[in-house]
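To start, the structure itself, in structure tokens.
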Amino acid sequence: MKNKHPNPLGADRADRLAVASQQYVPIRRELPERARRQYELLIKFFVASESFFFMALIISYLYYRGVNQMIDMTDQVLNAQSTGMFTALLVLSSGTLWWGRHHLERQKPVRLAWGLAATIALGAVFLYGQGLEYAHLLRENVTVDRNIFGSAFFTLTGFHALHVFVGLILLSIVLILTLLGDFTGPRSAAVAATELYWHFVDVVWLIVFTVVYLI
Amino acid sequence: MEKVIVPEPHVPLPSGKTDRSLLQWMASVDHKQLGIMYLLTALLFFIAGGIEILLIRIQLITPDNTFLGPDLYNQLFTMHGTTMIFLVLMPTLIGLGVYLVPLMIGANEMAFPRLNAFSLWMTLLGGLILYFSFLDGGGAPAAGWFSYAPLSSSHYSSTKGVDYYCIGLILTGIGSVTAALNLVVTILTLRIPGMDFRRLPVFVWMMFITAFLILAAFPVLNAGLVMLLIDRQLNAHFFSPASGGSAILWQHLFWAFGHPEVYILALPPFGIISEVIPVFSRQPIFGYRFLIGSGIAIALLAFGVWMHHMFAVGLGNPINGFFAAGSMLIGIPTGIKVFNWILTMRGGSIRFTTAMLFAASFIVEFTIGGLSGISFALVPLDWQLTDTYYVVAHIHYVFLGGTLYAVFAGLFYWFPKITGRKLSERLGRIFFWLFFLGFNLTFMLQHVLGILGMPRRVYTYPDLPYFGLLNLLSTVGAFLMAASIGLFFWNILTSLRKGERAGDDPWNAWTLEWASSSPPALKNFDKVPPVRSLRPLWDLKHPENPDWKNEKSKQTRNEK
Ligand code: HEM
Ligand SMILES: [Cu+2]
């Protein structure tokens, strides 16, 4: 058995390899174009992965409501109207960010800065709105440990708020870098990634708002 | 074709011998070093998990034994299962992926080297936090590796063990997700020209599919863990039925993660086997497209069958029937793979190296595990056998007979690439047979124990007919296995220092990683062979009969 298969490193093969290695092709490194594509892919798949996280939380919420007959306090304690207003502001903030990035493509970084600033302001107002709602609920004695509604509501909206907060930090960093002149257009991976993330947070909120406040 | 030219200046690979070595390793962002550190992390926890299970097997050696007592027993089996899945198999497979994928696709690095380091350290940190629970007065988590509610609630698990479980697993989960992100982007963007998706090594394909499974499955687990943690820390009510929560929802969340996880731990091994078997059979892999296609099919089906872990919950016959049928379907693509491997070997000139021994017996053992799995998909059988030792036997035929066998095959196969030296074949062979014997002795009998009705997770059992004997043999098997693992460690240690020098391509293999030096230089390659078929190194070595000339016609079955 063994003799049939001589050492694969036999002289003959080594020679052939030596000859063959003449045809190796060089590796190309560090293409800026490629780096940008990598960052954009990274954020896309990250967002896709995050959506499974929120999906689990949202489905759980619906499960408590449907299967477990959660005592639903939505009508008594939540204010769909004022939250609806803050929701509109969050949607608007996606628009301002899109507007800013749109002008980066036209190489007008100043407008990008304005777009970012507006987005940050709107996002902060949204968080403020959520703070108001939380304060109201706490005054009504609706807490995480009061009942399953409290647990589910604060967890779902809380994790969303955390994502908004992270988004605000990202946007602020991008704004500072823009002011320092880092982004002159027409494209930037950082801006594109932040924009995608922000839209994602926005879309998640629209679903959460629908699930919690409207149906 | 472009001709080549100047090699880049040679940067030596960081090694343990320099005075800054420890710092160099800890600060490293090199995918090969990180891959090795993943493997070392797995090894560390493998020893911990192994000691835990040996203690358990000593406890079970005779009926009515009191060696451990119930509390410690519960902690040990919980930690054993959790460790083996999250801290041994996950880091091993991700580590192999991180080490090999860039080399196999002709890249210098992962797409995000620093993120790569982040993933490793998160995994290790999560593991250390989990193990820290032993030092916290109350002891380790004791609610089983799937921490079913309400057992895991603060009413029934009042010590902090389950909190450590939640935090530890969330951290390793984040590590796994970021590693998966990195792998996906690497495979999408860093393949060298010519390496399109029809020419990707099967292992890379399987890591690619696995990464998507991780991206979808782990966030679901993390959501569940976060809710459990909030339940325990903030007195929320998610999983306590008494106040509006649902214990069954925990099972849904856990198994919506848990079943895909089984395939996260099975697909990379399929990839390893598909690299090892062709090389040692001297034949191109049979049915490449079927292998890839069935891998994708398995991944998709994996998300549709989780409720087969919940037949005993009482979800009703329509649901049970649907999920039983779905589970059986998975047998089809898996069967296709098995036939592909067998047909790859058929008519080949097989070299029974240790790697090949493990790969070939993988097919047998994994099939046994698959068959007992299908038997669970038959609802009445599941009702009879669930929570007995039959489950324990099944799990281990899949994870040890499957994943771990493949890992051993892979380690024997790639060790020369990673270290520049071969593992001793003589010790390897003894190791294989000892392990093979011990493994089948331990777990084959547990099928019988389960059918006889021995429940799992109970720290002792009455002296019923055959219980004592079968358990005794099972424990003997476990110690045989432990001895064989000891031998394996010894093999690694001695071979590292004075093993046979391997050269760049000791197995006369075909994929790109063998075109680099052994161990590869810091920046993997300066230049790579052109890729015009599945087996670029074959083409290189056989200019008179390259694969790409025959790509259209039937693949050549040469080199007999
Ligand atoms: C020396 C080798 C091993 C022995 C003797 C052994 C033995 C056992 C035993 C007796 C149990 C049942 C504990 C119980 O739940 O009552 C168990 C559980 C488990 N083992 Fe192992 N094991 C070994 C290695 C491994 C390895 C390498 C893995 C993973 C790759 C693994 C994964 C698991 C898992 C996931 C469980 C939990 C099953 C469950 O109860 O849900 N084991 N093992
Ligand atoms: Cu399953």
Side-chain angles (χ1 to χ4, degrees), chain A residues 1-2 4-5 7-10 13-14 16-17 19-29 31 34-35 37-46 48-60 63-64 67-71 143-152 154-155 158-159, chain B residues 1-5 106-108 111-112 115 177 180-182 184-185 188-190 192-193 215-220 222-224 226-227 230-231 234-238 241 243-246 248-249 252-253 256 282 349 351 503 505-508 515 524-530 540-543:
Chain A
M1 200 48 191
K2 266 204 180 126
K4 254 175 66 191
H5 308 288
N7 182 352
L9 276 177
R13 214 183 115 257
R16 284 212 237 167
L17 263 185
V19 175
S21 65
Q22 302 284 312
Q23 4 163 341
Y24 277 29
V25 289
I27 286 194
R28 290 176 302 159
R29 296 193 175 126
L31 307 172
R34 183 169 74 194
R37 211 176 129 232
Q38 286 175 337
Y39 284 113
E40 291 183 3
L41 282 172
L42 179 69
I43 195 74
K44 277 182 193 154
F45 286 113
F46 174 72
S49 182
E50 284 285 277
S51 69
F52 279 89
F53 179 81
F54 278 108
M55 202 150 66
L57 289 184
I58 292 171
I59 289 178
S60 302
Y63 187 94
Y64 293 125
V67 180
N68 266 36
Q69 310 286 312
M70 172 162 87
I71 304 164
T143 53
V144 176
D145 57 357
R146 159 121 173 231
N147 57 18
I148 182 67
F149 171 79
S151 308
F154 282 108
T155 303
F159 268 101
Chain B
M1 196 177 312
E2 297 152 271
K3 272 267 157 82
V4 181
I5 346 207
N108 293 319
F112 305 101
L115 185 66
V177 168
L181 285 170
N182 213 341
V184 169
V185 178
L188 282 177
T189 60
L190 290 180
I192 56 160
L215 290 184
F218 271 83
V220 177
N222 278 358
V226 160
M227 289 156 79
I230 294 177
D231 258 6
L234 303 177
N235 300 318
H237 305 272
F238 288 117
S243 47
S246 164
I248 293 178
L249 182 63
H252 281 302
L253 289 173
R282 308 314 300 161
S349 52
R351 274 186 286 164
D505 181 15
W507 312 118
N508 196 3
N524 295 358
F525 310 93
D526 289 317
K527 38 196 176 130
V528 278
L540 199 64
K541 295 165 196 168
H542 301 268

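Only heavy atoms go into these numbers, but all of them, side chains included; no hydrogens, no water, no symmetry mates. Note on naming: letters A, B, ... go to the chains in the order of the sequence lines (proteins, then strands), and numbering restarts at 1 for each one.
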I need the A:Ile148 CD1 to B:Ser243 OG distance, nearest 0.5 Å.
7.0 Å
Can you say whether B:Thr189 sits under 4.5 Å from chain A via the side chain, the backbone, both, or neither, judging by heavy atoms?
both
Nearest heavy atoms of B:Leu115 and A:Leu42, plus distance in Å
CD2-CD1, 4.2 Å
B:Ala223 versus A:Leu57, closest heavy-atom pair with distance:
CB-CD2, 4.1 Å
Can you say whether A:Phe159 sits under 4.5 Å from chain B via the side chain, the backbone, both, or neither, judging by heavy atoms?
side chain
Leading residue by heavy atom contact count with chain A [cutoff under 4.5 Å; candidates B:Leu181, B:Ile248, B:Val220, B:Asn222]:
B:Leu181
Check whether B:Ile230 gets within reach of chain A through its side chain, its backbone, both or neither, counting any heavy atom under 4.5 Å.
side chain
Mind checking ring pair (Phe, Tyr, Trp, His ring centres under 6.0 Å) for A:Phe46 and listing every partner two or more places apart, or none if nothing turns up?
none
Which heavy atom of A:Asn68 sits nearest a heavy atom of B:Gly244, and at what distance?
ND2-O, 3.1 Å
Between A:Ala152 and chain B, which part of the residue has a heavy atom less than 4.5 Å away: side chain, backbone, both or neither?
both
Sequence neighbours excluded, the answer for side chain to side chain contact (heavy atoms under 4.5 Å, CB included) partners of B:Asp231 is B:Ala236, B:Phe238, B:Phe239
Hey, mind stepping through B:Leu190 and A:Arg34 against side chain to side chain contact (heavy atoms under 4.5 Å, CB included) and telling me if it holds?
CA-CA 9 Å; B:Leu190 290 180; A:Arg34 183 169 74 194; 3.4 Å; yes
Is it the backbone or the side chain of B:Phe218 that comes under 4.5 Å from a heavy atom of chain A, or both, or neither?
neither
Which of the residues A:Tyr39, A:Phe52, A:Phe154 is involved in the greatest number of heavy-atom pairs with chain B at under 4.5 angstrom?
A:Phe52
Among B:Asn182, B:Asn524, B:Val184, who wins on heavy-atom pairs under 4.5 Å with chain A?
B:Val184
Minimum heavy-atom distance B:Leu253-A:Ala56, with the two atoms named:
CD2-CB, 4.1 Å
Rounded at 0.5 Å granularity, tell me how far CZ in A:Arg146 sits from CG in B:Asn235.
15.0 Å
Engaged part of A:Tyr63 at the chain B interface, taking heavy atoms whose separation is under 4.5 Å
side chain
Looking at every non-hydrogen atom in both residues, tell me the closest pair between B:Ala111 and A:Gln38 and how far apart they are.
CB-NE2, 3.7 Å
